[in-house]
Each structure stands twice: as structure tokens, then as C-alpha cells.
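Comments concern the structure below.
Convention: sequence-line order gives letters A, B, ...; per-chain numbering from 1. The figures that follow rest on heavy atoms only: side chains count, while hydrogens, waters and symmetry mates do not.
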Protein chains: 2
Amino acid sequence: MTEPRRPRKKTRVTSLDIAHRAGVSQATVSRVLAGSPLVNAETRRRVEQAVRELNYKVDRHASSLRTQRAGTLALLLFEDPTPDDSHINPFFLSMLGSITRACARHGHDLLVSFQQLSDDWHADYEDSMKADGLILLGYGDYLAYESKLEKLVEQGTHFVRWGQVQPGQPGISIGCDNHAGGALAGRHLLERGHRRIAFLGDASSRFPEFFARYQGCDAALREAGLGMLRELQVDADSTEEAGYAATCNLLARDKPFDAIFAASDLIAIGALHALKEAGLRVPQDVAVVGFDGTPMARFADPPLTTVVQDTSRAGELLVETLLRQVRDQPVRSVMLAPTLEVRASSGG
Amino acid sequence: MTEPRRPRKKTRVTSLDIAHRAGVSQATVSRVLAGSPLVNAETRRRVEQAVRELNYKVDRHASSLRTQRAGTLALLLFEDPTPDDSHINPFFLSMLGSITRACARHGHDLLVSFQQLSDDWHADYEDSMKADGLILLGYGDYLAYESKLEKLVEQGTHFVRWGQVQPGQPGISIGCDNHAGGALAGRHLLERGHRRIAFLGDASSRFPEFFARYQGCDAALREAGLGMLRELQVDADSTEEAGYAATCNLLARDKPFDAIFAASDLIAIGALHALKEAGLRVPQDVAVVGFDGTPMARFADPPLTTVVQDTSRAGELLVETLLRQVRDQPVRSVMLAPTLEVRASSGG
DNA sequence: CTGAAAGCGCTTACAG
DNA sequence: CTGAAAGCGCTTACAG
């Protein structure tokens, strides 16, 4: 399977080559490519033709060195150490898709990097001028990285974080209104007649988005004179395995429950398996609601009711906010309203 | 939720600042940072200390402009137009993870871009010096983009493609040995006593990887004096929806079959749902085997037997091959051996 | 509207 | 082992 080597040398075309061919100065070529209005229409035409004929592209490094802007954003996707590449949360992958597209719409390139939460972050993208700003994405112990956020703010780094929006946080955050999402789930389950709702997922300030989902659901129950029960809460990180294990744990407690609100779709799908293995029917014996709105929810068995986060909007907002920040325009943290997608797992 | 603006101006630290602080010339600073062996140990120490104290980072654009290397690779993920961000094939996302990590290991950054197969590609990353080379990833009609590959070769662009490896292809490809993978599936189903094996997925030269999987399975059956039956082949692209629809189509044909070999895990999972709806038991009535080894296979109902592609190895090999090509070292196309992971969907 | 010129921050022969 | 100097390919005041 050896391929013949193509010797074909690339001779770099520069703006000077274009200038010669179009019979103008190099400065004028640069003006045309920057879309300057100062150029005569006929001159512009000649330059553009030469550009096309020689397939000229502006050298990014020369341009960026001169202008001091990279035209690039960096996405830091941090995750707990997982030995297996494939275990990236599908929700984040969907965010990655929408961020990539938003970047393209705004004429920027996107550098992607996976970081361990424990590592020193490669937050030097901006110091080395590789990127104009950073997008931070990922779950993980909030306490473990709040100090890192503070350091970024101190250094004057431009960044936007996806996550729970809380007062007094260092820097700007864009996130789902997790409390409202939890309330959606809670009200829905109440309406279906459920009373004893188990929660699968950490519910502490170390995992603020999960905690807010828990509290939102609790608030909805309280409106009805009920509430979440701590005996029905089991910690779980956002994997199917953890959801499965948490459900087994819950079943072993032998406390009655008639519904499960899982802090993520992955957890919910793990729960569906554990319930099935235990011989419990969904939704007749136990209703299940997930969170995220990942595509796999639709194909779970039974199809999973889930609180949907609008990843398209989220990606656009992250990029837009970051670019405003880079341009020194005022920015603010924003929470996005989630929606509920009802399917068979809650008797839809 | 308005955040106070941090006025904090960034004053760029340059190598000249380091030089002054360390009492050496700017050239020496550059040598230290490039790891040149020509520098006196004590001088090096002084420079490194100044670098640390001022948190200096080499300016990527200045460096790249001078050396004419970007230190960056670009990943073009092309896909058929899907309105929904979340519908990226999980297999490719797993590849993205492993490519990102391989890049980091090799000290390169990764630009990521999603392209429509129909669009003009943003293959100008190299022309504009944004990247030293391209990694192409994505399914899609092979005929539709063979000509694009030829153009890349003509232009002398450095690129490596993930996909079916075929003689006479333009450029270098790294891919799974799909024929061998199909044979693994075929032999496994034969051993379990299945004889009439349906195939879900395009089986034409327009989709070479699917076609090779089909032919591999066919070859395994022929060794046993059997073969695949065209009446049991249904086209499907790699989505759950398509797998579901294809299975309904297959059932409507009313030709007996005792197993399904799906060209991808997504197709297989769609098939599982259609079979269940039709009241058929898996694996008792119909065995099902998928392809890719995505994490969702393990959590399908029943857990899905699948032909596993080694994405970690694939990512490493793609990056390594591309970097060799950039350095003008000889490179060749390579097929990676898949493995079979047997689970309950085929009576495991 | 256009050109000549300075300069962005590095790397690397060239001298010593 | 170190420094002075050229130059990578642009953008953008400054003159005209």
C-alpha cells in the first residue's frame, strides 16, 4: 500500500507576487484583502483576479503578528481522567458541534484541547497569542477549579465558562437555568401522580448544576406541600455505569419510590437498565426523567423523558459573549431556559 | 448578573524583556526557549528564571512566521447536512477525542472544523499557514469527494484521510480493515448457527467502508458454501432512524432471515427497536451485530455484539502519519485490524 | 485613491 | 558560547 511520493514543491505566494501581477503596490493588495473602502473599483478588480489566479491566501501568522489578534478561539474541554477516549459525555460533544459552527459563523477558527481537571491547564493559548480567548467546558468538582478561574481573571485572560451561573463567580458564565429545569421535571412528575421522587446525582455545592437541578425539583414539590427526600438521593457522576450503580444502591435501600429524576441522560439510561434487571416496569412501576436532551434519550428503552438544554443557542451565546469580551464590549452571565420533552419513560 | 469589568491591561512580555532581565541578548533567550544545546548552563538558568518570573510565552505568530511551520494540524469533520448539531456520529466523536490527544502528545495544536460534504472545503488552512496539514474524517458518498482529494494532492497539500483503504486512491488513507471486520461478524454468526443474514447499510462503491463490510461478511459465508442474499440487503446511512426504517422495510419484504449485520452501531440500535416493536426477540428470533464499538453498544437492549474499531490507535496513526508527511518522510496507507466484542444481541 | 516605509516578535546564519 | 543583524509577510499610519 505504499503511495508514490509527490515531489511537488509548494512555492508560497505572497502579497508581493499579487502586487506585481496586478501592477500595484503590496500595500494596495493588503487593502483589497482587508476589504478597505479606499480602493478604486478597477484596481480592486485587478487585484482580486490576481488573487484568484495564484490562489493566494493571506498568511495568518504575518497578519496576526501585525494586528495582534489571532482570529482564533480555544475550547478547553476538561474531564475527569477517563482511560477510554470514547467516554466523553455526549452532551459536551453536542456543545462542541454547536461551538464549532458558531465560531465559523463569526469568522474565527477553533482550537480544541482536552484537559484533565487535575492538570495545570493549557491556559496559555492567549499568552502565546494562539487564541484571542478561551471557552471552558466540562463538569467536575467546582471547588477544584474555582481557584483556577480566579487566576484566569487575575491574568486578564478572556474566557467564558459553560456551567451553573452563580452570583459572585469569577468571570463570565453561560449556563442552563438548572433550577428551572429541575422544576420542570418535578412539576411533570407531580402531574403524573408521582410523590416519592428519587434523585440520582451529586446534590452538593461541589456540583452546582446537579445541585440546582435537585433544588429546582424540590421547589416544585414544595409548592405541592411535598419535597425531595434525602433518603432517596444517591450520588452519581454523569455516566451510565454510575447511573446503573446508583439505582442498584437505591433499590437496596428498600425505601419506596415511584419516580426517578436523573441529573443527566447518561445516568437515566443506566437507571433504566438497572430497573429492568430488577423486574420493574417503566413507567408503570417507576417513571424516569433525564436531563440534557441528548439524542440517545430518544432511543432509550423506553424512550426517555428529558429536560432539554438548547446546545445550539448555548454555543452561539458562548462564542458571541467571548468575542464581545475580546473587543472590550460589556458582557454578562446568562442563563438559558430549558424545555421538557415528554416521552414514554414518564408515561408520556 | 452583570459582572464588573476588569480593566487590567495586558502588557505583552517579549523575548527582549526577558533578555534585559536576564542580562543577555534577545538571541540567547530565543536559543534557550528553543532548547538549543549551545547555551551555557548558568546563562540558561538565568533566562529560565526570568521567563518564569514574567510568565513569558513565545509568540506563536512571530515564531511561525519565521520558521514557516504552524505547529498546528487541522481536523476537517465532514458530514451530510444535518439540521441538528447533536447528530454527529458518536464514532467520529470518539475519533476526535483520540486525535486531540495524539496531537497533544506530539506537541501540536488542533484546529477543528465541521464541513458539509457539498461545500467547498476550507482546505485553505495550509495555504494560509494556519495548519501544517489536514486530517479528513467523515462518511459520505465517496464519489462526491474523490475529486476533491485529487485536487488536494495536486496542490501538494499535506493530508491524511480516515476511511476505506483502496489501491489507486489519491493521497494517504488510514482505515479499519472493514473486509476483515465483516468477516469477523459473518464467521461469528455462522458459528451461532445463523444462515440467512440480512445487511443494513449501503453496499455499493459509493460507500466503500460499508461495502467492504458487506463483502467481508459475504466472503465468510462463502467459505461455508453460503453467501449474502441481495434480497436481505437494505440501504441505510449511519443513523438510528435509518436503521429503524431499514428494518421495517426488511420485515415488510417478508423474506426469512435469522440475523442482522448492521453496517454501524447506530443502524444496529435502530434495528433493535424495530425488531422489538415487531415482537421479535433478540437474539432468539434474530441475532444482531453492529460495527464501530461505540460506548452505546454496551448499553443497548440487549447489549450489542459489535465489531470494534480501535479509535485510540487510529488517532495516533493519523497524527503520526500526517506529521511524517509534513516532515517529508515516507508514509503509507494502513489498515487497522478490528476485533469482535460479543454480547447478548448475538446470544453471547 | 495609492505608494514607501516602519515595525509586529521571533529564528538563525554569520562573526567573533 | 554569545551578540548584532537580517528577514519571515503582513498592516497601517504618513505623505502625496
Does B:Val165 form a side chain to side chain contact (heavy atoms under 4.5 Å, CB included) with B:Ile174? I'd like the steps, not just the answer. CA-CA 7 Å; B:Val165 176; B:Ile174 308 290; 6.0 Å; no
Checking B:Leu77, B:Leu318, B:Leu152 against B:Leu136 for side chain to side chain contact (heavy atoms under 4.5 Å, CB included), the one that qualifies is B:Leu152
Spacing of [X] atom [atom1] and [Y] atom [atom2] [to the nearest 0.5 Å]:
{"X": "A:Leu75", "Y": "A:Leu96", "atom1": "CG", "atom2": "CG", "value": "5.5 Å"}
{"X": "A:Ile18", "Y": "A:Glu53", "atom1": "CD1", "atom2": "CD", "value": "8.5 Å"}
{"X": "A:Arg324", "Y": "A:Gln329", "atom1": "CZ", "atom2": "CD", "value": "4.5 Å"}

Can you spot which of B:Glu320, B:Glu316, B:Arg101 makes a side chain to side chain donor-acceptor pair (under 3.5 Å) with B:His106? B:Glu316
Could you tell me whether the phosphate oxygens of C:dT2, OP1 or OP2, come under 4.0 Å of any side-chain nitrogen or oxygen in A:Ser25? no
Strand-adjacent residues in residues 35-43 of chain A, judged by heavy atoms under 4.0 Å from DNA chain C: A:Leu38, A:Val39, A:Asn40, A:Thr43
Nucleic acid contacts - residues 45-54 of chain B versus DNA chain C, non-hydrogen atoms under 4.0 Å: none
Could you check if a side-chain atom of [X] sits within less than 4.5 angstrom of a side-chain atom of [Y], using non-hydrogen atoms only?
{"X": "B:Val32", "Y": "B:Glu48", "value": "yes"}
{"X": "B:Tyr125", "Y": "B:Leu134", "value": "yes"}
{"X": "B:Trp162", "Y": "B:Ile135", "value": "no"}

Check this for me: does any side-chain nitrogen of one of B:Arg12 and A:Asp127 sit under 4.0 Å from a carboxylate oxygen of the other? no
Applying the salt bridge (charged side-chain N to carboxylate O under 4.0 Å, His left out) test to B:Asp109, which of B:Arg60, B:Arg69, B:Lys130 qualifies? B:Arg60
May I ask you to decide if A:Thr311's main-chain N or O and A:Ser98's side chain share a donor-acceptor pair within less than 3.5 Å? yes
Donor-acceptor contact present, side-chain A:Arg46 to main-chain A:Val24, <3.5 Å: no
With the criterion being N/O to N/O and under 3.5 Å, what pairs connect the protein with nucleotides 6-10 of chain C, and how long is each?
{"residue": "C:dG7", "atom": "N2", "partner": "A:Arg66", "partner atom": "NH1", "Å": "3.4"}
{"residue": "C:dC8", "atom": "O3'", "partner": "A:Gln68", "partner atom": "NE2", "Å": "3.2"}
{"residue": "C:dG9", "atom": "OP1", "partner": "A:Gln68", "partner atom": "NE2", "Å": "3.2"}
{"residue": "C:dG9", "atom": "N2", "partner": "B:Ala62", "partner atom": "O", "Å": "3.3"}
{"residue": "C:dC10", "atom": "OP1", "partner": "B:Tyr56", "partner atom": "OH", "Å": "2.7"}
{"residue": "C:dC10", "atom": "OP2", "partner": "B:Ser15", "partner atom": "N", "Å": "3.0"}
{"residue": "C:dC10", "atom": "OP2", "partner": "B:Ser15", "partner atom": "OG", "Å": "2.5"}
{"residue": "C:dC10", "atom": "O5'", "partner": "B:Tyr56", "partner atom": "OH", "Å": "3.0"}

Which atom pairs link the protein and nucleotides 13-16 of chain C when you take only N or O atoms and keep those under 3.5 Å?
{"residue": "C:dA13", "atom": "N6", "partner": "B:Arg31", "partner atom": "NH2", "Å": "3.1"}

Intra- and interstrand pairs of DNA chain C - dot-bracket, Watson-Crick/G-U under 3.5 Å, | marks other strand: |||.||||||||.|||
side-chain hydrogen bond (donor to acceptor under 3.5 Å, both in side chains) partners for A:Gln325, two or more places apart: none
Step by step, work out the side chain to side chain contact (heavy atoms under 4.5 Å, CB included) result for A:Ile172 and A:Arg161. CA-CA 6 Å; A:Ile172 297 293; A:Arg161 166 185 165 266; over 6 Å; no
